[in-house]
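Below is one structure, written out as structure tokens; the observations come after it.
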Amino acid sequence: MARIKMVAGNWKMNKTLQEGVALATQLKEDVKNPSCAVVIGTPFIHLATVAELLKDSPIRLAAENCADKEKGAFTGEVSAEMVKSTGAEYCILGHSERRAYYHEDYEILKNKVELALANGLKVIFCIGEVKEEREAGKQNEVVKAQLEGSVFHLSAEQWKNITLAYEPVWAIGTGLTATPAQAQDMHAYLRSLVADKFGAAAAEDTTILYGGSCNEKNAAELFACPDIDGGLIGGAALVAEKFEAIIAAR
Ligand code: 13P
């Protein structure tokens, strides 16, 4: 099995329902035969409508989060089961914004990953170091701990539904992209960790995305690296032309 190449968008907290429907409609119109998997991650409130809209499109749909509890008295939360019921197929988990602003630690993320998988969702699991950690040369130990803390306990069977996204925090929304060499080094390291844990074949099949100021100008150079299988795109995913140019670069 050759590993899946992918371009995924993460809309974050952007777009009203109407704006989101307009963007998804344009993407559906323009992206009919992509040469890679295409996923858009939207706010919860868009999911059901956009899932319906994308029914006969190759574009897949992701939630940007799910609850760490199964169900019940958790006001304002959205469970993995609810996400699945909208027609979404993926869930983005472990994003640095959620780790930093909503205090999602390894244990919380472990619960979320398990619930997402148990409900038949695929997980795009984000990892990455902050600037100070990179400057101290600690990026490898940081991402290793993030994997060990939340996803390396999974079974080999469960692992098949995990896509990794390396998102150095210092590169997110800053215009400061990791160089292709920095990203490739990290992706190769991540793949080696997956190989140690799940074996060489599983590592070879694991899709590892790069995220952090990836745009229509730098995508081709990043995607040319052997261990960079695609991108998780923030800002540039909010503009159809830019996102489509990134898909074309993959
Ligand atoms: P930007 O592409 O805006 O830097 O965001 C990347 C990201 O966080 C995707 O999840």
Side-chain angles (χ1 to χ4, degrees), residues 5-15 19-20 23 27 36-44 46-47 59-66 83 88-102 104 109 112-113 116 121-131 133-134 139 142-143 146-147 150-151 162-180 182-183 186-187 190 207-223 225 228-250:
K5 309 284 183 185
M6 181 188 290
V7 171
N10 175 8
W11 291 4
K12 308 190 180 182
M13 197 173 75
N14 293 294
K15 307 277 180 199
E19 290 165 348
L23 176 54
L27 292 172
C36 64
V38 177
V39 179
I40 54 175
T42 79
F44 290 132
H46 298 63
L47 291 175
I59 302 172
R60 320 310 326 162
L61 185 61
E64 300 173 15
N65 184 23
C66 73
V83 168
E89 292 172 48
Y90 288 82
C91 190
I92 299 170
L93 292 172
H95 196 281
S96 60
E97 288 149 17
R98 298 222 49 98
R99 292 179 194 262
Y101 308 145
Y102 303 99
E104 295 190 1
L109 289 171
K112 292 189 177 202
V113 168
L121 293 166
K122 298 186 176 95
V123 172
I124 298 175
F125 190 73
C126 307
I127 52 187
E129 81 285 359
V130 300
K131 182 160 158 273
E133 292 163 340
R134 164 72 57 172
Q139 63 272 17
V142 170
V143 295
Q146 290 171 335
L147 292 172
S150 306
V151 290
I162 303 285
T163 294
L164 293 180
Y166 170 57
E167 300 207 308
V169 181
W170 47 272
I172 296 178
T174 57
L176 253 186
T177 322
T179 64
Q182 282 174 324
M186 175 55 87
H187 282 226
L190 293 169
T207 298
I208 309 180
L209 308 177
Y210 169 79
S213 299
C214 181
N215 59 39
E216 70 287 2
K217 297 190 187 78
N218 58 31
E221 202 186 354
L222 287 158
F223 298 168
C225 299
I228 301 181
D229 303 313
L232 182 55
I233 318 298
L238 297 173
V239 182
E241 294 71 25
K242 293 185 182 182
F243 191 57
E244 289 164 17
I246 296 169
I247 295 167
R250 178 66 283 181

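Counting starts at 1 for both ligands and their atoms, in listed order. The figures that follow rest on heavy atoms only: side chains count, while hydrogens, waters and symmetry mates do not.
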Considering non-hydrogen atoms of the protein only, which is the closest contact for [atom], and what is the distance?
atom	value
atom 5 (O) of ligand 1	K12 NZ, 3.2 Å
atom 2 (O) of ligand 1	G234 N, 2.9 Å
atom 3 (O) of ligand 1	G235 N, 2.9 Å
atom 7 (C) of ligand 1	E167 OE2, 3.2 Å

Between A171 and ligand 1, which part of the residue brings a heavy atom under 4.0 Å of the ligand: side chain, backbone, both or neither?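 For A171, only backbone atoms sit under 4.0 Å from ligand 1.
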Taking 4.0 Å as the limit for heavy-atom contacts, which would you say applies to N10 with ligand 1: side chain only, backbone only, both, or neither?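 For N10, only side-chain atoms sit under 4.0 Å from ligand 1.
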Any donor-acceptor pair under 3.5 Å from Y101 side chain to S96 backbone: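 No, Y101 side chain to S96 backbone: no donor-acceptor pair under 3.5 Å.
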Donor-acceptor pair, distance only, cut-off 3.5 Å: does the side chain of Y90 make one with the backbone of I92?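 Flag not set: sc Y90 to bb I92 has no pair under 3.5 Å.
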Could you state the interatomic distance from CD1 (I228) to CZ (F223), rounded to the nearest 0.5 Å?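 Between I228 CD1 and F223 CZ, I get 8.5 Å after rounding to 0.5 Å.
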Look up atom CD in E97 and atom CG in N10, then write down how far apart they are to the nearest 0.5 Å.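 Output value for this atom pair is 7.0 Å.
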Using a strict cut-off of 4.0 Å, indicate which atoms of ligand 1 neighbour a heavy atom of [X].
X	result
H95	7 (C), 8 (O), 9 (C), 10 (O)
G212	4 (O), 6 (C)
L232	9 (C), 10 (O)

Would the number of heavy atoms belonging to other residues, nucleotides or ligands and lying under 6.0 Å from CD of E19 be above 12?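 Counting neighbours around CD of E19, more than 12 heavy atoms of other residues, nucleotides or ligands fall under 6.0 Å, so yes.
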More than 12 heavy atoms from other groups under 6.0 Å of NZ on K5: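 Counting other residues, nucleotides and ligands, NZ of K5 exceeds 12 neighbours.
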Can you find a heavy atom in the side chain of L164 that is under 4.5 Å from one in the side chain of I124?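 A side-chain contact is absent here, since even the closest heavy-atom pair is not under 4.5 Å.
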Can you tell me if A236 contacts ligand 1 (heavy atom of the residue under 4.0 Å from the ligand)?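 No, A236 has no heavy atom closer than 4.0 Å to ligand 1.
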Just say parallel, tilted or perpendicular for the rings of H187 and Y210, cut-offs at 30° and 60°.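 It falls in the tilted class, 30° to 60°.
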N/O to N/O below 3.5 Å, does that happen between T174 and ligand 1?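 No, no N or O pair falls under 3.5 Å.
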